Amino acid sequence: MKMKKRILSMMLVAVMMLALTACGGMTTDDARTYVQSVLDASYKADFSEYTEQTDSTEEEAQQLFDDNLDNIMSMGGFTDAGLSDELSANYRQLFKDMLAQAKYEVGDATEGENDGFVVEVSAEPFTAFDGLQDEVMNAVQAEMANITDISQMPSDEEINEMVFQKMYDILVQRVAEPTYGEAQTVEIHVELNDNVYSINQDDLTTLDGILFPADNL
């Protein structure tokens with residue numbers, strides 16, 4: 001079960017789809033507000049400031065957020081995992097709840113190169129994935145150990161559903177009682193190109209990897 005790569009790739013797309021552009025003429029305060037709005041829209045589904053910053057509608061922002069959840073399901077391997085409709089829907093809601101647990105604080109903004117800005121963001125790693133694979137497999141093995149009649153042995157499809165159900169149950173509990181690692185600071189560059197400001201995508205990927213690390217999966 002290749003959960004590590006799947007979950008990591010799943011979370012790396014969290015902010016990328018919503019990192020749209022803001023019109024030119026920024027100040028340091030504007031840059032800070034812009035970064036805050038993108039993060040709040042991407043993780044918290046709070047579009048109030050984001051729509052102002054990007055001159056978009058709430059419906060457009062909501063559609064981007066929903067599309068991103070679809071991408072998370074697809075890139076994470078959950079769409080084609082053969083799950084029941086109920087469990088698939090549960091996972092989609094779980095990922096939405098998980099994104100909302102992102103713990104970050106947007107700090108000061110300073111002027112950068114080429115009329116751009118640098119905004120510091122403090123990010124605390126969400127530890128939901130720590131030891132997840134071992135805990136899931138132990139739970140599945142314990143369930144299988146209770147089966148003594150070979151005629152009652154589940155099919156491959158049923159075992160697959162069991163594995164994903166166990167992982168879902170564990171993650172739901174961890175999301176309900178979130179714990180975090182030590183805060184790290186990420187520099188987010190707001191760049192000016194063709195009189196339009198946008199956030200550096202590599203910076204967002206770095207931030208996302210800190211907020212939702214899978215190194216200890």
Side-chain angles (χ1 to χ4, degrees), residues 1-19 38-47 50 58-59 61-105 123-144 154 156-181 204-217:
M1 185 172 53
K2 300 178 180 178
M3 288 196 296
K4 182 172 183 178
K5 289 185 178 179
R6 286 185 170 186
I7 292 176
L8 182 57
S9 65
M10 170 194 78
M11 303 313 299
L12 285 180
V13 300
V15 292
M16 296 174 70
M17 298 300 291
L18 282 170
V38 170
L39 298 185
D40 289 348
S42 301
Y43 292 112
K44 314 293 185 182
D46 179 357
F47 310 125
Y50 176 81
E58 184 168 345
E59 289 76 16
Q62 182 67 60
Q63 186 62 57
L64 284 171
F65 185 85
D66 291 341
D67 289 346
N68 195 47
L69 283 176
D70 292 339
N71 289 333
I72 288 174
M73 291 289 291
S74 178
M75 293 181 67
F78 295 89
T79 301
D80 58 2
L83 306 182
S84 65
D85 290 343
E86 180 181 4
L87 186 55
S88 181
N90 287 343
Y91 262 110
R92 195 175 191 277
Q93 182 61 48
L94 172 65
F95 296 145
K96 180 179 179 180
D97 296 340
M98 188 178 295
L99 290 176
Q101 295 289 0
K103 197 171 184 179
Y104 53 85
E105 183 174 350
E124 296 184 30
F126 185 40
T127 61
F129 301 143
D130 288 4
L132 177 62
Q133 182 161 287
D134 287 342
E135 187 168 348
V136 170
M137 297 316 298
N138 288 338
V140 171
Q141 289 169 2
E143 180 113 353
M144 296 291 287
D156 290 344
E157 291 77 11
E158 290 171 332
I159 293 175
N160 182 68
E161 182 87 359
M162 182 191 304
V163 169
F164 279 93
Q165 182 65 57
K166 295 297 184 184
M167 183 167 71
Y168 171 78
D169 293 340
I170 293 169
L171 284 174
V172 164
Q173 185 63 32
R174 294 185 178 192
V175 169
E177 301 174 353
T179 58
Y180 299 87
L204 292 177
T205 300
T206 298
L207 175 63
D208 211 54
I210 291 173
L211 288 170
F212 295 101
D215 293 341
N216 298 322
L217 184 63

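Everything quoted here is computed from the prediction, not taken from an experiment. Count residues from 1 along the sequence.
Shortest non-hydrogen contact noted between Leu99 and Leu69 is CD1-CD2, 4.2 Å. Scanning all heavy atoms of the two residues, the minimum distance from Ala128 to Leu171 falls at O-CD2, 3.9 Å. Nearest heavy atoms, Glu161 versus Ser84: OE2-OG, 2.8 Å. Residues Ala123 and Leu207 share a closest heavy-atom pair of CB-CD1, 3.6 Å. Glu124 and Gly181 make their closest contact through CB-O, 3.9 Å (heavy atoms, listed as atom of the first residue, atom of the second, distance). Annotation for Leu211 and Ala102: closest pair CD1-CB, 4.3 Å, computed over non-hydrogen atoms.
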### Message
Does Gln93 form a side chain to side chain donor-acceptor pair (under 3.5 Å) with Asp97? I'd like the steps, not just the answer.
### Response
CA-CA 6 Å; Gln93 182 61 48; Asp97 296 340; 2.9 Å; yes

### Query
Going through the checks in order, is the side-chain contact (heavy atoms from CB on, under 4.5 Å) test met by Asn90 and Val172?
CA-CA 10 Å; Asn90 287 343; Val172 164; over 6 Å; no

#### Entry: Verdict with reasoning, Leu94 to Tyr168, per side-chain contact (heavy atoms from CB on, under 4.5 Å)
CA-CA 8 Å; Leu94 172 65; Tyr168 171 78; 3.8 Å; yes

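Looking at Arg92 and Asp66, their side chains come closer than 4.5 Å, going by heavy atoms from C-beta outward. By the 4.5 Å heavy-atom criterion applied to side chains, Pro154 and Met144 are counted as neighbours. When side chains are defined from C-beta on, Gln141 counts as touching Asn138, because their heavy atoms get closer than 4.5 Å.
In this structure, Phe65 and Phe47 have perpendicular ring planes: the angle between them is above 60°, well past the 30° mark.
Under the 3.5 Å distance criterion, the side-chain polar atoms of Asp40 are left unmatched by any main-chain donor or acceptor of Tyr50. The backbone N or O of Val175 lies less than 3.5 Å from a partner atom in the side chain of Gln101, making a donor-acceptor pair. Judged by distance alone, the side chain of Thr127 and the main-chain N or O of Thr179 form a donor-acceptor pair under 3.5 Å. Distance alone, capped at 3.5 Å, is enough to place a donor-acceptor pair between the Arg174 side chain and the Asp130 backbone. In this structure, the side chain of Ser42 engages the main chain of Val38 through a donor-acceptor pair within 3.5 Å.
Checked against the 6.0 Å centroid threshold, Phe129 and Phe212 do not count as a close aromatic pair. Ring pair Phe95/Tyr91: centre-to-centre distance below 6.0 Å.
Within a 6.0 Å sphere centred on CD of Gln62, other residues, nucleotides and ligands contribute more than 12 heavy atoms.
Atom-to-atom distance recorded for Glu59:CD and Leu64:CG is 12.0 Å, nearest 0.5 angstrom. Met167 contributes atom CE, which lies 12.0 Å from atom CD of Glu135 (distance to the nearest 0.5 angstrom). Taking CG from Leu39 and OH from Tyr104, the interatomic distance works out to 5.0 Å, rounded to the nearest 0.5 Å.
Partner Asp169 forms a side-chain hydrogen bond (donor to acceptor under 3.5 Å, both in side chains) with one of Gln165, Lys166, Gln173 and no other, that one being Gln165.
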